[in-house]
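Notes to accompany the following structure.
Order of appearance sets the numbers: ligands from 1, and atoms from 1 within every ligand.
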Amino acid sequence: MAGFHSKFDTLRWCDGRLEMIDQRLLPAEVAYISYESAASVADGIRDMVVRGAPAIGCAAAYGVALEALRMQRRSAEEFKTGLDSAFEVLAASRPTAVNLFWALARMREIWQSCVPGDVKASAACLLDAAHQIFHADIAANRRMGEFGAELIADGASILTHCNAGALATAGHGTALGVIRSAVEAGKKISVFADETRPFLQGARLTAWELMQDGIPVTLIADNAAGHLMSRGEIDVIIVGADRIAANGDVANKVGTYQVAVLAQRHRIPFYVAAPLSTIDAQIADGSEIPIEERAASEVRGYRDLQWAPKLVNVRNPVFDVTPAELVTGLITELGVVLAPNTEKIAQLLRSAER
Ligand code: MRU
């Protein structure tokens, strides 16, 4: 089967600007927003125009590049002040997905390696680095897809949570990338997509993406997953990740943890597909991962439709942590780490340095 080519771009560089598909409007409307500064990209990340860990990282890299281009006719001192505040505003946009901080650290390294004082050359170099981060993400997803596809049996029924597709990355996707690659390899696959309350990434984005590619997808309410597992209707679970601690604990969209617990109960393999840029070796275990809490209105209702009592107390943590012991395997661009733990992850990271 021929490879899938997305009919949309999550982000694209166009005439000196960054364009991002407005994921808040999908699937009803396909519209792009154009960005010219780091501050506006940070708003786009915070407001969920773009979301998904690797896509957020790519957007942040382009945010830095945009700011550098905006400042390229200024003095070296003004350029430095402008870029320092660009890094700051982007780093404050969302807390959990480590790809954001990984991309910013990469961009800072590149900046530091530029000729000091040559503002124009630095801007060109930073734009080039952003393009590289973008293309490397697609390549990593393709590799993950190849490794992951080998784990999937022909005819498998796969459950996924949230959206870890092309929309959450520069292209192809992590969890959905594995599914796409398995289909490309000729396997007959069907997918159950958790709707993923409160922001409905599964219902709005995963269902839409898979339907675009003609991959059979069935949407379920989040709380139907256990029932389907108990009836033997799910063979394997694949999700993405926002941050993986050094011991293999995985932060991903809230609700992932309960899916993993149910998977263990029903002896269903639970895989996490994520690039190395999602591993945070600085954090020993999941308890240290910052968990974003978002607006109460996301839980009281959706968009303008608010169905809960206006004044009801709400908690809205949007990520949770799945302990490594519940993870059957970590699918990365360097291969699959079965039963991940601190030692195996350190070894994986060492092999990346070689
Ligand atoms: O709040 P979101 O939509 O940014 O959360 C996204 C997820 O939790 C994804 O599963 C994760 O980023 C992996 S995307 C390849």
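Asp320 places a side-chain N or O within donor-acceptor distance of the main-chain N or O of Tyr257, the cut-off being under 3.5 Å. Side-chain atoms of Thr96 come within 3.5 Å of backbone atoms of Glu292 as a donor-acceptor pair (strictly under, hydrogens ignored). A side-chain donor-acceptor contact under 3.5 Å links Asn247 to the backbone of Asp249. For Glu67 (side chain) and Ala86 (main-chain N/O), no donor-acceptor pair under 3.5 Å exists by modelled atom type. The closest donor-acceptor contact from the side chain of Ser181 to the backbone of Val178 lies at 3.5 Å or more, if one exists at all.
Within the structure, ligand 1 lacks Glu292 among the residues with a heavy atom less than 4.0 angstrom away. Within the 4.0 Å heavy-atom cutoff, Thr96 does not count among the residues contacting ligand 1. Residue contact annotation: Arg94 has a non-hydrogen atom under 4.0 Å from ligand 1. Residue-ligand proximity: Ala241 is placed with a non-hydrogen atom under 4.0 Å from ligand 1. No heavy atom of Phe199 sits closer than 4.0 Å to any atom of ligand 1.
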Report the C-alpha separation of Asn163 and Arg204 in whole Å, then their side-chain angles, then the decisive distance to 0.1 Å, and conclude whether the side chain to side chain donor-acceptor pair (under 3.5 Å) test is met. CA-CA 9 Å; Asn163 172 267; Arg204 296 185 304 105; over 6 Å; no

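Using the six-membered ring where Trp is involved, Trp13 and His131 have ring planes that are perpendicular, over 60° apart on the 30 and 60° scheme. Note on ring orientation: taking the six-membered ring where Trp is involved, the planes of Trp208 and Phe8 are tilted (angle from 30° to 60°).
Considering backbone and side-chain atoms together, Arg51 places an N or O closer than 3.5 Å to an N or O of ligand 1. Not a single N or O atom of Thr169, backbone or side chain, sits closer than 3.5 Å to an N or O atom of ligand 1. Between Ala53 and ligand 1, a contact under 3.5 Å exists for at least one N or O pair. Taking distance alone, with nitrogen or oxygen atoms compared against 3.5 Å, Gln201 approaches ligand 1 more closely than that limit.
Heavy-atom neighbours of Arg303 CZ from other residues, nucleotides or ligands within 6.0 Å: above the threshold of 12.
Of all protein heavy atoms, the one closest to atom 15 (C) of ligand 1 is Thr174 OG1, 3.0 Å. For atom 14 (S) of ligand 1, the closest heavy atom belonging to the protein is Ala168 CB, 3.4 Å.
Counting atoms of ligand 1 from 1 in the listed order, those under 4.0 Å from a heavy atom of Phe319 are 1 (O), 5 (O), 8 (O). Which parts of ligand 1 touch Lys253 is read off a 4.0 Å heavy-atom cut-off, strictly below it: atoms 1 (O), 2 (P), 5 (O), 8 (O). Every atom of ligand 1 with a heavy atom of Ala164 under 4.0 Å away is listed here by number and element: 14 (S), 15 (C).
Proximity of Met48 to ligand 1, defined as any heavy-atom pair under 4.0 Å, is confined to the side chain (atoms from C-beta onward). Under 4.0 angstrom from ligand 1, the non-hydrogen atoms of Asn163 all belong to its backbone.
A salt bridge links Asp84 with Arg108: the closest approach of a Lys/Arg side-chain nitrogen to an acidic carboxylate oxygen falls below 4.0 angstrom. A salt bridge links Asp22 with Arg24; the closest basic N to acidic carboxylate O contact falls under 4.0 Å.
Comparing Ile45, Asn252, Thr278 against atom 10 (O) of ligand 1, the shortest heavy-atom distance belongs to Asn252. Distances from atom 11 (C) of ligand 1 to the heavy atoms of Ile56, Asp242, Thr196 put Asp242 nearest.
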